[in-house]
There are 2 protein chains.
Amino acid sequence: MQVQALAKELHYEPNQTAIFFQQKKTFTIGIVLPELSEAFFSAAISGIEDTANKHNYMVLLGQSHDDESREKKIVEIMKNHRVDGLLVSITKNTADYSHFEMLKHYDIPVVFFDRIPNLTDIHYVACNMQSGTLQAVSLLLEQGHRVIGMINGPEKLIASQQRTSGYQQALQKRRLKFDASLVVSSDLTKEGTRVAMQQLLAHKRKVTAVVAFNDYVSQDAVQYALEQHLEINKDITFVSYANLPLSSYMAYPPIASVEQYPYQQGQKATEILLELLAAPDKTDTFHKITLDSRLVLAPGR
Amino acid sequence: MQVQALAKELHYEPNQTAIFFQQKKTFTIGIVLPELSEAFFSAAISGIEDTANKHNYMVLLGQSHDDESREKKIVEIMKNHRVDGLLVSITKNTADYSHFEMLKHYDIPVVFFDRIPNLTDIHYVACNMQSGTLQAVSLLLEQGHRVIGMINGPEKLIASQQRTSGYQQALQKRRLKFDASLVVSSDLTKEGTRVAMQQLLAHKRKVTAVVAFNDYVSQDAVQYALEQHLEINKDITFVSYANLPLSSYMAYPPIASVEQYPYQQGQKATEILLELLAAPDKTDTFHKITLDSRLVLAPGR
DNA sequence: AAAATTTACGCAACCGTTTGTGTTTACTTT
DNA sequence: AAAGTAAACACAAACGGTTGCGTAAATTTT
């Protein structure tokens, strides 16, 4: 009792690094994601940070810039910094998952979000693009469009497969048949998207609507269409994904956009990670959370 | 020599937390900034991260969301986590700087960037808005505009004062006289900007051009002008700040935007901080770096 | 008031490195 | 081959907490 008083008297403050060391715990979680400048990820971070801070955890940040080797390096450094756990959204190129497997030997749990690897024994939170795509294509069909192009992302991304699947499902519901040549791939660069759009416009059937991989792809495609002297929302209509806050300022925003709930994904992924950290033994049952995406009409539609 | 070999043999890996503890150094720097979703800050982070990683430092992130009490809390937690140093861009409301002063007792150096407090004994990197504003207003004057409105930010921000000063200077160079009622303030919310724009349009002289505080403000002002049935770039022309990457997709992008070099600011601030960490004794001379802002014409202008 | 119980505190050991000193071993020099 | 020098390693102390144990002090019980 007297020592407590004296401690206060002398403004004693414990040395956290000593505590971290002794407790083998740093109250830090690492975030590894591709690109902070994408609105989706900065929103996700807010969800992560808010949840982490609520439980007195801090977040260590690392951007992979969609470069696999950089992703590996960041994971390595974070491992060395002894983060308690990791939240990861993988690169669009990541094919080798050894740097994540390796973490198991160090008892560092990983929860993936949004861009998740194609593995079975992992924890993840993702947004199923199928439901949103189904709604998007259905909307276009209702409006009378019959030749609907899709600019998809890299084929190995699960999110790309889900988009294709949602597209097919919408057609199926109306007993329409699926034409695989209407689904083209973009590497998500401006140039890649322009090539993809060119393919669609060169299709033997006249494409009157396009489902674009995201709002950025949508805008690049719009730009290309304008250069080909097409009139947006008359000759050709766009629907996309992400629902960027800036879309209301855009010259030709998509008529609707599929919301992917970045904040919620970040929040949920963090909650799962914190749960794993609290009960380190029961790491054998895997959390696989899938939120449904949802189509949001542009204001005024 | 033999022990080295054996170490490799057994895959020995040093425990970083023990090293941190022993060395009284965590190789971590904290970043405190208002809002990641603003393109300016996510670009700044990239500059910070790249520089930090190059020197084997990691970054701890904290968003204040422009809330002073949250800023204080983040600084407190980061202090406890024993970051080696801090990079800070303050809240637009921060008036009390005690949470930063306090860090001196813990030998945690702070380098401010972009949004810097009005103190003399600090390190900072900022971008002088005066030069860019001078260029912006000069451009408008060259184009024949004589009644140029300015939607400025909160008056106590140094960046706002610099904008006003640049505006005045441009007029002075041409021997034109300054009309203070043409400079109005916005709190940077959509509503605040609309009110500001309303004031300008109600001015007794007909405003034909507007210098907006940033690209977001510019777009809100554009929206209001459209609602008033003004034709953009004919009845009224806009110039703004930030040079958002998305501006090329916007319906009515400003004809020019003042670049504030977020990546470079982040980079430079980090370099200074690392230098302070390397030479902890000579902390008495303060680094005050000011980059010049520069007007960038919209593509095709 | 004596015994039993609770609370407070002092003391060591430990976590895994770094640093410094001392000792041994190996290699050079003459 | 003896002496001198360099390299390699072993050992202890320290960083600042936590944990557990033993003892002293304060409190409660009978």
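Nothing here was measured: the structure is a model prediction, and the numbers come from that model. The basis for the numbers below is simple: all heavy atoms, side chains too, and nothing from hydrogens, waters or symmetry mates. Lettering follows sequence order; numbering is per chain, from 1.
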Atom pair distance, as rounded to whole Å: CZ in B:R82 and C1' in D:dG17: 11 Å

Integer-rounded Å distance: D:dG16 P and A:Q22 CD: 15 Å

Non-hydrogen side-chain atoms of B:F112 and B:V88 separated by less than 4.5 Å: yes

Sugar-phosphate only, base, or nothing, as touched by A:Q16 at under 4.0 Å among non-hydrogen atoms: nothing

Whole-Å distance separating the CZ atom of B:F21 from the C1' atom of C:dC14: 11 Å

Under-4.0 Å salt bridge between B:K54 and B:E271: no

Per A:Q23 side chain, nearest of listed nucleotides D:dT19, C:dT18, D:dG16: D:dT19

Length of the CZ-C1' vector between B:F20 and C:dC15, whole Å: 16 Å

Rounded interatomic separation in angstrom, taking NZ from A:K25 and C1' from C:dG16: 19 Å

Side-chain donor-acceptor contact under 3.5 Å, B:D50 with B:Y263: yes

Under 4.0 angstrom between A:K24 side-chain N/O and D:dT18 OP1 or OP2: no

Distance, rounded to the nearest Å, where B:I19 contributes CD1 and C:dT19 contributes P: 10 Å

Test item: side-chain donor near acceptor, A:Y106 and A:R82, under 3.5 Å: no

